[in-house]
Amino acid sequence: MTRKTAKGAEAPRSKRPPIRLGEIKTGPIVNRLRELHELGGDPAFERFPASEELFLVLEHAQTWASKLKQPKDSLVNVVGEAAVLRAKLWQYLREQADAGQLKAIEDGRGVGVPWDHFTEALCVTSKQGAYQKARRLMAEQVRDPGERRSPEIAREHEQRAAAEQRAERALMLVQERRFPIARRIGRLLLEHRDGIALDNWATYWLGEIIETIDDRDTPAERARFTGWVESFVRAVHRHARQRNQPSTTTEEARRALALATEFTFQEQPKIPEQIRCSQSGNPVRRERRRTRGGRRAG
């Protein structure tokens with residue numbers, strides 16, 4: 001009983017280390033490997049390949065590794081450090097090979113190459129085997145520490161990515177639909193910006209609004225502009241809370257910011273009539289629209 005209690009009280013395992021090197025700068029590693037081979041008396045050091053010839057570098061280092069000697073006056077473990085650097089570079093090449101092979105498969109499938117044409121290239125015996133091999137390659141690119149390299153993991157990550165893309169598209173549609181109001185509120189904020197207390201972040205978002213308010217043509221651009229208005233409002237309020245002071249210094253700026261705040265945190269703010277009319281043309285044109293056809297619009 002005591003043993004079970006002690007076992008249950010064990011500290012949780014630490015987070016697993018990364019499972020991929022990712023993008024690294026191989027130049028400094030190769031340069032260090034070259035230094036070690038010179039220090040260890042590589043008999044073929046003059047033929048040591050250039051840094052950009054990574055595969056040739058590894059072949060050379062592997063071929064002559066057994067000929068390296070440990071200098072008596074050196075505190076560096078020449079053979080040991082060189083072996084570690086070779087292992088790291090081989091890991092990098094393996095990751096690049098997996099990614100490159102997967103890209104080749106995707107390119108072929110994209111132009112209609114059937115799975116059974118990949119069997120020899122992937123060292124499998126059936127089109128199903130080729131498909132599963134491709135899924136494992138995909139899993140290797142996306143899996144997290146602790147996850148297996150399996151087709152199921154690849155499918156889970158694809159489904160997760162698809163759900164995130166759907167959420168992003170949905171948000172863009174919502175923000176684009178709110179753009180007309182966002183632009184009117186943006187103009188109002190610009191009109192009264194001298195009465196709004198700004199910090200660096202609020203100034204940054206205000207600059208984005210100024211530069212783009214009349215240049216929003218695509219749905220994505222309109223959606224981003226709506227987000228910039230909201231970011232400006234949040235930055236202003238955060239600055240006011242940090243200073244413990246009002247966010248505005250004039251009544252007009254206070255009303256403009258209140259409207260922008262309502263827009264940021266509500267779906268449809270109540271825009272005063274005079275603000276709505278001021279964005280729809282001059283009084284003569286508004287009167288013509290109301291009396292079009294010889295009578296006033298009811």
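Residues: numbered from 1 along the sequence shown.
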- Message: Under the criterion salt bridge (Lys or Arg N to Asp or Glu O under 4.0 Å), I'd like the reasoning laid out for E81 against R32: C-alpha separation, chi angles, the key distance, then a yes or no.
- Response: CA-CA 9 Å; E81 185 179 345; R32 178 55 179 167; 2.8 Å; yes
- Message: Checking Q175 against R178 for the side chain to side chain donor-acceptor pair (under 3.5 Å) test, could you report, in this order, the C-alpha distance in whole Å, the side-chain angles of both residues, the deciding distance, and whether it holds?
- Response: CA-CA 5 Å; Q175 294 294 68; R178 302 176 72 221; 3.1 Å; yes
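Within 6.0 Å of CZ in F55 there are 12 or fewer heavy atoms belonging to other residues, nucleotides or ligands. Shown here is Q245, whose CD atom has more than 12 heavy atoms of other residues, nucleotides or ligands within 6.0 Å.
Side-chain contact, Q91 with R94: a donor N or O sits under 3.5 Å from an acceptor N or O.
Residues L198 and F232 have side chains in contact (heavy-atom distance under 4.5 Å, counting atoms from C-beta outward). Residues I24 and I29 meet the side-chain proximity criterion, which asks for heavy atoms closer than 4.5 Å. Using a 4.5 Å heavy-atom cutoff, the side chains of T261 and V236 are not in contact. With contacts defined as side-chain heavy-atom distances shorter than 4.5 Å, the pair T26/V57 does not qualify.
In this structure, S51 and N31 approach most closely via the heavy-atom pair OG-OD1, 3.2 Å. Here the closest non-hydrogen pair linking V78 and P71 is CG2-CD, 3.6 Å. Contact record, T125 with T119: C-CG2, 4.3 Å, taken as the closest heavy-atom pair. When every heavy atom of A240 is checked against every heavy atom of S247, the shortest pair comes out as CB-CB, 3.7 Å.
Checking side-chain atoms of Q70 against main-chain N and O of V76 turns up a donor-acceptor pair under 3.5 Å. Side chain of E221 to main chain of T218: a donor-acceptor pair is present (N/O by atom type, distance under 3.5 Å, no hydrogens or angles). In terms of modelled atom types and a separation under 3.5 Å, the side chain of R34 and the main chain of P49 share a donor-acceptor contact.
At a threshold of 4.0 Å, the pair R187-D214 counts as salt-bridged, since one of the basic side-chain nitrogens sits closer than that to a carboxylate oxygen.
Rounding to the nearest 0.5 Å gives a distance of 10.5 Å between CZ of F225 and CD of E208. Atom CZ of R183 sits about 10.0 Å away from atom OG1 of T212, to the nearest 0.5 Å.
Residues forming a ring-ring contact (aromatic ring centres under 6.0 Å, His included) with Y92 (at least two apart in sequence, or on another chain): none. Among residues two or more places apart in sequence or in another chain, the salt bridge (Lys or Arg N to Asp or Glu O under 4.0 Å) test is passed with E251 by R254, R255.
Transitive grouping of hydrophobic side chains (ILVMFWY, heavy atoms separated by less than 4.5 Å) keeps L21 and V84 in distinct clusters.
Results of the side chain to side chain donor-acceptor pair (under 3.5 Å) test with D42 over H37, R47, K69 single out H37 as the only residue that passes.
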Please table the atom pairs, donor to acceptor, closer than 3.5 Å between any side-chain atom in residues 102-117 and protein atoms at least two apart or in another chain.
residue : atom : partner : partner atom : Å
K103    : NZ   : D107    : OD1          : 2.7
K103    : NZ   : D107    : OD2          : 3.0
R109    : NH1  : V113    : O            : 3.0

